[in-house]
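Here the structure is a predicted model, which is why all the values come from computation and not from measurement.
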Number of protein chains: 2
Amino acid sequence: MKRKEDKRPLADEIAQAIQLGEFRTGEWLRQIDLEERFSATRFDVRTALEALVVRKEVQHVRNRGYKVPALEPEMIGYHRDVRVILECGAVPQIVANATAEDVARLSALAEAFSVAAKSGTHMDQSRTNREFHEAMHALTGNPVLVETIWSIRDRGRSAPFTIWRTPDTLRQSDEDHHQMVRCIREGNAAGLSEVIESHIRRPH
Amino acid sequence: MKRKEDKRPLADEIAQAIQLGEFRTGEWLRQIDLEERFSATRFDVRTALEALVVRKEVQHVRNRGYKVPALEPEMIGYHRDVRVILECGAVPQIVANATAEDVARLSALAEAFSVAAKSGTHMDQSRTNREFHEAMHALTGNPVLVETIWSIRDRGRSAPFTIWRTPDTLRQSDEDHHQMVRCIREGNAAGLSEVIESHIRRPH
DNA sequence: CCGCAATAAATTGGCGCCAATTATTACGCA
DNA sequence: TGCGTAATAATTGGCGCCAATTTATTGCGG
């Protein structure tokens, strides 16, 4: 029940648990459960939840508690549009900065996702997917951009995840990744933008 | 010293005070001062400051306190690049959605800034400027996009403000606003993007 | 007169209790 | 047996104290 130094990460731990679908959309996050699950004091749990509210990753209802936000369809659309703007906006820098070894590393990460898509757990798929996109965004060399992209992604994650793992969409995502790598290798910015946009807009 | 219902707004009040330059860049935000200035309890002040840390609008140093972040030049550059991506990414929707009355309203707001630029206080200039851009962004019809744009703008506000009010840059900004209105009226998306980009990149 | 060290004042920050509110259960009455 | 209501249990949420740390002040020696 004691956490002295690492207080901040608790918010991220809870956030990650939400991303991994360990709490269902609309589910209440009971403070007592959380303090047990993460071995934290009640106060720390509340601080973390409050931070997640500011980040819009959980919703707060007065005198009722904190819950995983159930965002309506139109909000999901808004999120998607912002993602398209940001992630396509990142393309020019990505293409400009990518070295041969960057491409090689990306390719390896895309391959890791391929493997996970075929024979991995949900968590493997989620992890390798995130690693691939993280590596790609990092190529922009702009930490503010990277952070902004992830803040939007993380906000819209609660819903899509449940419907995500159909074999078909999974295979499609996998193909997209490899195609992105190809575009970057060829310096094809326009092509990369196209792939990213359809990757985001695909009916998850 | 008592605030029962309106707890959340305190963070925004403090944020606004920072935007208006009432605290200098790098200045320490003493909790005692804040609780006096805003007639809030110590606990509420700390909650608000913690929220602002999550939003990256203030910086926290352990055992020393909270201060207005002094962001180094390269960070300012990163912010600008993200702003360009977001605000130019908003252009297509703005142009597509703008009705004749929207253009009229924008024009009026641009004019209000013109007046403030000539004979208003700093606060007038800041306010009318914000109102103009808020109205323009609102035309996207995408609240997530609007909010994202402002979260980036508000993070990079601390420094530029002091150097902002030279008559020349002020006049330049004023011209930009009117040109933006013109582009929207003509449905000239490419032109609008250009103006916005140079508006943002101009050496404030 | 200046620099350094010990002391005092001020400020921050971790933590937990208890009242207020909501959900649940139990009971009595139609 | 079903429904409304009251008692009970569970959960949330506002608030404040005091230790830890830093900064300012004072006093002393060189």
Side-chain angles (χ1 to χ4, degrees), chain A residues 1-18 22-71 155 158, chain B residues 1-18 22-71 155 158:
Chain A
M1 288 287 181
K2 42 185 171 181
R3 311 186 137 225
K4 287 176 186 174
E5 300 307 316
D6 58 336
K7 201 176 176 184
R8 198 62 58 130
L10 178 57
D12 294 319
E13 281 184 56
I14 296 174
Q16 193 180 335
I18 295 172
E22 305 192 19
F23 301 100
R24 298 214 180 135
T25 302
E27 186 177 344
W28 291 102
L29 299 167
R30 295 194 315 139
Q31 299 179 1
I32 296 179
D33 291 350
L34 294 178
E35 59 183 301
E36 267 194 41
R37 191 167 185 316
F38 296 99
S39 308
T41 68
R42 155 114 10 161
F43 188 85
D44 290 340
V45 167
R46 277 176 54 191
T47 304
L49 286 172
E50 206 48 52
L52 291 175
V53 169
V54 176
R55 292 203 226 159
K56 306 274 171 72
E57 292 184 45
V58 307
Q59 208 175 347
H60 182 231
V61 183
R62 190 179 165 118
N63 287 326
R64 286 206 136 190
Y66 301 83
K67 67 171 180 173
V68 181
L71 21 80
R155 277 168 59 172
S158 17
Chain B
M1 288 284 182
K2 43 185 170 181
R3 309 185 139 228
K4 286 176 184 175
E5 301 306 316
D6 57 337
K7 201 176 176 185
R8 198 63 58 132
L10 179 56
D12 293 320
E13 280 184 56
I14 296 174
Q16 194 182 334
I18 295 173
E22 306 193 17
F23 301 100
R24 298 211 180 139
T25 302
E27 185 177 346
W28 291 103
L29 299 167
R30 296 194 317 140
Q31 298 179 1
I32 296 179
D33 290 349
L34 294 179
E35 59 182 303
E36 267 196 42
R37 192 166 182 318
F38 296 98
S39 308
T41 68
R42 155 98 31 139
F43 188 85
D44 291 340
V45 167
R46 278 176 53 191
T47 303
L49 287 171
E50 205 49 52
L52 291 175
V53 169
V54 176
R55 292 203 225 159
K56 306 274 171 68
E57 292 184 44
V58 308
Q59 208 175 347
H60 182 232
V61 182
R62 190 181 164 116
N63 287 327
R64 286 207 140 186
Y66 300 84
K67 66 171 182 171
V68 181
L71 20 82
R155 279 168 60 174
S158 16

Visitor: Send over the distance from A:D44 CG to C:dG14 P, rounded to a whole Å.
Guide: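 The answer, rounded to whole Å, is 8 Å.
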
Visitor: Report the distance from atom NZ of B:K67 to atom C1' of D:dT22, rounded to the nearest whole Å.
Guide: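 Value for this atom pair: 15 Å.
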
Visitor: Can you tell me if A:E22 has over 12 outside heavy atoms packed within less than 6.0 Å of its CD?
Guide: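 Yes, enclosed.
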
Visitor: Rounding to a whole Å, what distance do you find between A:I32:CD1 and D:dA9:P?
Guide: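 Whole-Å distance recorded here is 15 Å.
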
Visitor: Let's see if you can work this out: which of C:dG14, C:dC15, C:dT12 has an atom nearest to the side-chain heavy atoms of B:R62?
Guide: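 Out of C:dG14, C:dC15, C:dT12, the nucleotide with an atom closest to B:R62's side chain is C:dG14.
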
Visitor: Please tell me which of the listed nucleotides, D:dG13, D:dT21, D:dC15, lies nearest to the side chain of A:N63?
Guide: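 The answer is D:dG13.
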
Visitor: Tell me the interatomic distance from A:R42, atom CZ, to D:dA10, atom C1', rounded to whole angstroms.
Guide: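 Rounding to the nearest Å, CZ of A:R42 and C1' of D:dA10 are 10 Å apart.
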
Visitor: Between C:dG13, D:dG13, D:dC15, which nucleotide gets closest to the side-chain atoms of B:Y66?
Guide: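 Nearest to the side chain of B:Y66 among the choices is C:dG13.
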
Visitor: Scan nucleotides 23-25 of chain D against the protein and return all N/O pairs shorter than 3.5 Å with their distances rounded to 0.1 Å.
Guide:
| residue | atom | partner | partner atom | Å |
| --- | --- | --- | --- | --- |
| D:dT23 | OP1 | B:R64 | NE | 2.8 |
| D:dT23 | OP1 | B:R64 | NH2 | 2.8 |

Visitor: Please indicate whether A:Q16 has more than 12 foreign heavy atoms, meaning atoms of other residues, nucleotides or ligands, lying under 6.0 Å from its CD.
Guide: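 Not more than 12 within 6.0 Å, no.
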
Visitor: Output the rounded distance in Å from CD (A:E36) to P (D:dA10).
Guide: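 A:E36 atom CD is separated from D:dA10 atom P by 14 Å.
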
Visitor: Picking from D:dT12, C:dG16, D:dT21, which would you name as closest to the side chain of A:F43?
Guide: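 Of all the options, the side chain of A:F43 is nearest to C:dG16.
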
Visitor: How would you label the contact of B:V45 with the nucleic acid (heavy atoms, under 4.0 Å): base, sugar-phosphate, or nothing?
Guide: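 Result for B:V45 = nothing.
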
Visitor: Using a cut-off of less than 4.0 Å, is there contact between a side-chain N or O of B:Q31 and OP1 or OP2 of C:dG13?
Guide: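 So the side chain of B:Q31 is within the cut-off, an N or O lying under 4.0 Å from OP1 or OP2 of C:dG13.
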
Visitor: Whole angstrom is fine here: how far is it from CD in B:E35 over to P in D:dG14?
Guide: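 Distance check: B:E35 CD to D:dG14 P gives 17 Å.
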
Visitor: Should the ring pair B:F43 and A:F43 be called parallel, tilted or perpendicular, given that the plane angle runs from 0 to 90° and is split at 30 and 60?
Guide: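 B:F43 vs A:F43 ring planes: perpendicular.
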
Visitor: Whole angstroms only, please: what is the CG-C1' distance between B:L49 and C:dT12?
Guide: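 Answer to the nearest Å: 11 Å.
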
Visitor: Find the distance between CG (A:D44) and CG (A:L49) and round it off to the nearest 0.5 Å.
Guide: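 So the gap between those two atoms works out to 11.0 Å.
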
Visitor: Sequence neighbours left out, what passes side chain to side chain contact (heavy atoms under 4.5 Å, CB included) with B:R42? Give chain and number order.
Guide: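 Listed in chain order: B:Q31, B:I32, B:E35, B:R46.
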
Visitor: So if I take every side-chain heavy atom of B:H60 and compare against C:dT22, C:dG13, D:dG14, which nucleotide ends up nearest?
Guide: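 Nearest nucleotide to the side chain: C:dG13.
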
Visitor: In terms of side-chain heavy atoms of A:R46, which of D:dG14, C:dT22, C:dG14 is nearest?
Guide: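 For A:R46, the side-chain atoms sit closest to D:dG14.
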
Visitor: Report the C-alpha separation of B:I14 and B:Y66 in whole Å, then their side-chain angles, then the decisive distance to 0.1 Å, and conclude whether the side-chain contact (heavy atoms from CB on, under 4.5 Å) test is met.
Guide: CA-CA 12 Å; B:I14 296 174; B:Y66 300 84; over 6 Å; no

Visitor: Rounded to the nearest 0.5 Å, what separation is found between the CG atom of A:D12 and the CG atom of A:L52?
Guide: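 With rounding to 0.5 Å, CG (A:D12) is 7.5 Å from CG (A:L52).
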
Visitor: Rounded to whole angstroms, how far apart are CD on A:E50 and C1' on D:dC15?
Guide: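 Rounded to the whole Å, the gap is 15 Å.
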
